[in-house]
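Each chain gets a letter, A, B and so on, in the order the sequences are listed, and its residues count up from 1.
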Amino acid sequence: MDITNFTISDILNGYKEKKFSVGEIIKFYLERIDKLNPELNAFVTIDENAIKNAKDLDNSLARKRFNSQPLFGIPLGIKDMFLTKDVRTTAGSKVLENYIPPYSATAVTKLIDAGAISLGKLNCDAWAHGSSGENSDFGNTLNPWNKDYVPGGSSSGSAVSVAASLVPFATGTDTGGSIRLPASFTNTVGLKPTYGLVSRYGVIAMASSLDSIGHFTKTVEDSATILNVTAGADGYDSTVAKREKENYLKDLNKDIKGLKIGVPKEYVTNALDKDTKQVFEKSIKTLGDLGAEVIEVSLPNTDYAIATYYIIQPSEVSSNLARYDGIRFGNDRSYFGKEAKRRIMLGTFTLSSGYYDAYYKKAMQVRTLIIKDFTDVFSKVDALVAPVSPTPAWKFGSKNDPLQMYLSDALTVPVNLAGIPAISVPAGFSENKLPIGIQFIGPHFSEKLLFQIGSSFEKKTEHYKQTPLLR
Amino acid sequence: MNIKPNAYETIVGLEIHVELGTFSKMFCRCKNPTLADKPNTNTCPVCLGLPGALPYTNQQAIESCVKIALALNCEINNSSFFERKNYFYPDLAKGFQTSQYLHPFGEKGYLDIQVPVILGTRQLAETPESKNDPGQARINEASAKRARMTKMINKRVGITRVHMEEDTGKLMHSTVDGKEVSLIDFNRSGVPLVEIVTEPDIRSGEEAKIFLTELQKIIRYLGVSDADMEKGHMRLEPNISLRVVGEAELPPYKVEVKNINSFRFVEKAIKFEEIRHKELLDKGEIPVQETRGWNEFKNKTVSQRSKEEAHDYRYFPEPDIPPIEFSDEQIKKIKESIPELPSIRVQRFEVDYGIKQYDAQILTKEKSLADYFEQAVEIGKEHKVNPQKIAGFIINKKINIDQVLPATLIKEILEASSMESINEDKLQNAIKQVLGENSQAVTDYKLGKTQVVGFLMGMVKRTLPEAKNNDQIREKVIEMLE
Amino acid sequence: MKIDVKKIAKLSKLTLTASEEKEFGGQLNNIVEYIEKLNAIDTKGIEPTAQVTGLKNVTRNDNYTDDMLTQEQALSGDKNVHNGLFVVDKLVDTNK
């Protein structure tokens, strides 16, 4: 039985048809992790209870929960930014090298309550600071498509675990592109939901006004299945809107004929690498073939997004990382890596007395303008399509200057500043067989629409069926 | 040395922190702790500042804060938000305190207090010996105080702001394994805290104490906190400086004395600082702008210069808490829920019930006592008992209002008064009858056997059982015997 | 704008080596120079955005839970504890 590249719905169907047991599935994935993880370094901690938890689901009484638990027996990988009760949580940093939390993140609890089985914790850039995955204190995670290339960050382990079929889905956090960028570098589907749709409670905060809790899957359908579980208020995150529950699977099979999809001209510039541009243009053509009306639009303040983001984000980082003083838990502040230190100091500076108005307040004002760009454009089109990254994955060690690294988020951060949702879906490959993704962007709480567009595109292109060659 | 007495004027502003008596903490669902709780048993991920934890605001706490602001005649900001005050200290779990900076719930208020003004002092003779004898000097000082003639006047103290924040953990100091260490209990971390800041309108330790006493009364009236000093519900920080009398500008420095837990210590700390600053200013020095602590054992303030670094709190809007807005309607509703405050009640008791100001002040110290008095007055009306009598009875007999119902109190007053006033004619008739029936006793009395009076009184009481006032009966019996 | 790295490190409670100070100094100044491109935009009269949800008055009733951390859980992250308390280096004590 070769279950490599199984999606969540494949596994659920298999359970339904009694093709395999939960124990068999968990065993398969754990063996694959055993075999591939030593080199890929996606997992930093394996959950030792996985086999026992699987057995519990295999008894006849538990089996009855199959119909009520949407993720019954589905293996899961958890980005190490999510707290897991009694299971080490590091944030990819030596500061939390031995930290065992006394509680779990809401998102984790919801997934486990829905029947998912955690196989362990996934590597990431320390404190989710990074675009390449190279900032983890637990070593680089390798891109399964080409191990000389970065997997993208900060959710490096999450993207790689799904791309390499170590798990069918994994959680992630997206503050400035940390889900979409690695998804586009690994041929996976990455969802960054609307800010305030999924509770952040128990997820280690990076930049509180930007952090969005999402996930990686192989398909758009699986992405919708997961969001059905994680979305909604929990009474512990006061920025989560109390809204009526939606069924995100509902419009998956609806076609996109007549939908107006905008292409922001500021996203398609000469800065785009040749392959990325080619893949993007082909994708636009596909959308047209599917019946969508693709038109050029403008988001005039796009060029200011990185500067705005690199004021607001480090400011919030400097405050959020203040609790790591080594008194109540964890190691002291000397254990912070260089990137964390840089951001803490940058944020401390932009908030400091005499500079607040010039930097932080100014950035908050420009943020208003960037939001207005999107509001204006969504009065003309239903959604936007754009490249995720100006280039495909780059080689390890090739971007040494922090500012150059920051600029690789140019096409992802505007979405975070506006708090709107976006989904990165596989769109093709570069000449040297590196994955390239595109993102669909919609107004607040338009996830159902994004799934509809993404699913149409995915069914037509089927890039997700391509898997990296792994030995 | 040329020292001019009274050459300086004391300038004091107060910062007061009040812990609210809510059921739960400010931003989490932990129980608001009591001092009896074992250390670090009253925490959760939020107030312990664990990774990933987020705040969720307590509605009751913010309403209580607005209540205090309204009681202090503040303007209420319809639109407000929480901010992060960033600094590092081991008792601050999150590395920032969730507080308010730009838009406190209340600002620009005032509180009127009654302060004594000295009309004149009778100068006491000072002998050369007494000057050098500290014991004698103290006696002279006390006499001087007694010789002062004062009058109470109304004084308005400006309230700069009233804002909502959260408490920190509690630090203790100890020696563990031969090493001096500090210990932290986070039970208190996240308890709702209201900060009240006054204008520098206070001019002495005594005024500060009067202000604080009035404020404490108000907070208790509002029912938002027990304001129990012993339990640390109120923590006080006077900012003190001195200027030459007649100058209008604020002095170019101020000294903050941190975390004092009694009104008396505030008064003492201000007095201590007055003397310290005066000595420095007389030498032509400006006291160092710094934070000091009050040492209650040595009765002095001590410099905490080690803590004194340029503060830069890097305030910014708390991204984890949506803004708080109050409609005029809501503010009106909160305002209506505020009970009559003590100073107003004193006036009303004087005017409506005609009781003495001194009694009115005692009766209004606690809202429960004032309420009790008014209930008793209401019941007393039916029995024509006048309010001053009730006031006097409550105060002089030290009535335990938790044990004696107002109706019972009135009954007791009526019984006591019935002893006093029995109809004179009735009594006279009764005595006349008794004397007529006991001629032997009358003769004995006239022979000097005054002890028969007691016997006769007993006979009177038997004839007239409602006569209970022995003094009255004795007086009348003796009068009629003679 | 030149960043005073020493001062900012102290305010951030970070201890830097001399070489880190130099390295960060250069990098941070580059970044600050970049973010100053916002100066090109006229933001006069524009409301700052601190939050994107548009939510207001999200509060809870004043009820407490009995589901708090046990003392053991609260202290579980720290090795240096004494009688149920966290232990830190000696701080200022005004009553000494």
Given heavy-atom pairs under 4.5 angstrom as the criterion, report whether the side chain, backbone, both or neither of [X] touches chain B.
X	answer
A:Tyr99	side chain
A:Ile327	side chain
A:Asp211	neither
A:Pro102	side chain
A:Arg200	both
A:Ser199	neither
A:Phe329	side chain

If you count heavy-atom pairs under 4.5 Å between each of [options] and chain B, which one has the most?
options	value
A:Ser238, A:Ala105, A:Pro101	A:Ser238
A:Ser352, A:Gly354, A:Ala207, A:Ser318	A:Ser352
A:Arg328, A:Glu316, A:Met364	A:Arg328
A:Ala205, A:Ser209, A:Gly202	A:Gly202
A:Ser315, A:Ser319, A:Gly347	A:Ser319

[X] versus chain A, heavy atoms under 4.5 Å apart: side chain, backbone, both or neither?
X	result
B:Tyr87	neither
B:Phe316	both
B:Asn86	side chain
B:Leu48	both

- Under 4.5 Å, heavy atom to heavy atom, which residues of residues 54-66 of chain B contact chain A?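 So the qualifying residues are B:Leu54, B:Pro55, B:Tyr56.
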
- Query: Does anything in residues 19-41 of chain B get under 4.5 Å of chain A by heavy atoms, and if so which residues?
  - Reply: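 Residues in range: B:Arg29.
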
- Item | Heavy-atom pair count under 4.5 Å with chain A, highest-scoring of B:Ala93, B:Pro317, B:Pro90 |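 Looking at each option in turn, the highest pair count goes to B:Ala93.
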
- Message: I need the residue from B:Tyr315, B:Phe88, B:Tyr313 with the largest number of non-hydrogen atom pairs under 4.5 Å to chain A.
- Response: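 The residue among B:Tyr315, B:Phe88, B:Tyr313 with the greatest pair count is B:Phe88.
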
Measuring only between side-chain heavy atoms, which start at C-beta, is [X] closer than 4.5 Å to [Y]?
X	Y	answer
A:Tyr310	A:Val413	no
B:Ile240	B:Val257	yes
B:Val194	B:Val162	yes
B:Glu195	B:Glu15	yes
A:Asn123	A:Asp80	no
B:Leu183	B:Leu171	no

- Take B:Arg235 and B:Glu237 through the test salt bridge (charged side-chain N to carboxylate O under 4.0 Å, His left out) and record every step on the way to the result. CA-CA 7 Å; B:Arg235 298 196 290 276; B:Glu237 292 169 19; over 6 Å; no

Salt-bridge present ([X], [Y]; N to O < 4.0 Å):
X	Y	value
A:Arg343	A:Glu339	yes
B:Glu256	B:Lys258	yes
B:Arg188	B:Asp167	yes
B:Arg84	B:Asp320	yes
B:Arg161	B:Glu107	no

Between [X] and [Y], is there a donor-acceptor pair closer than 3.5 Å when you use the side chain of the first and the backbone of the second?
X	Y	answer
A:His444	A:Ala418	yes
B:Gln100	B:His163	no
A:Ser156	A:Gly153	no
A:Arg333	A:Tyr324	yes

- Query: After noting the C-alpha distance and the side-chain angles of A:Phe349 and A:Tyr356, does the key distance pass the ring pair (Phe, Tyr, Trp, His ring centres under 6.0 Å) rule?
  - Reply: CA-CA 8 Å; A:Phe349 169 71; A:Tyr356 179 89; over 10 Å; no

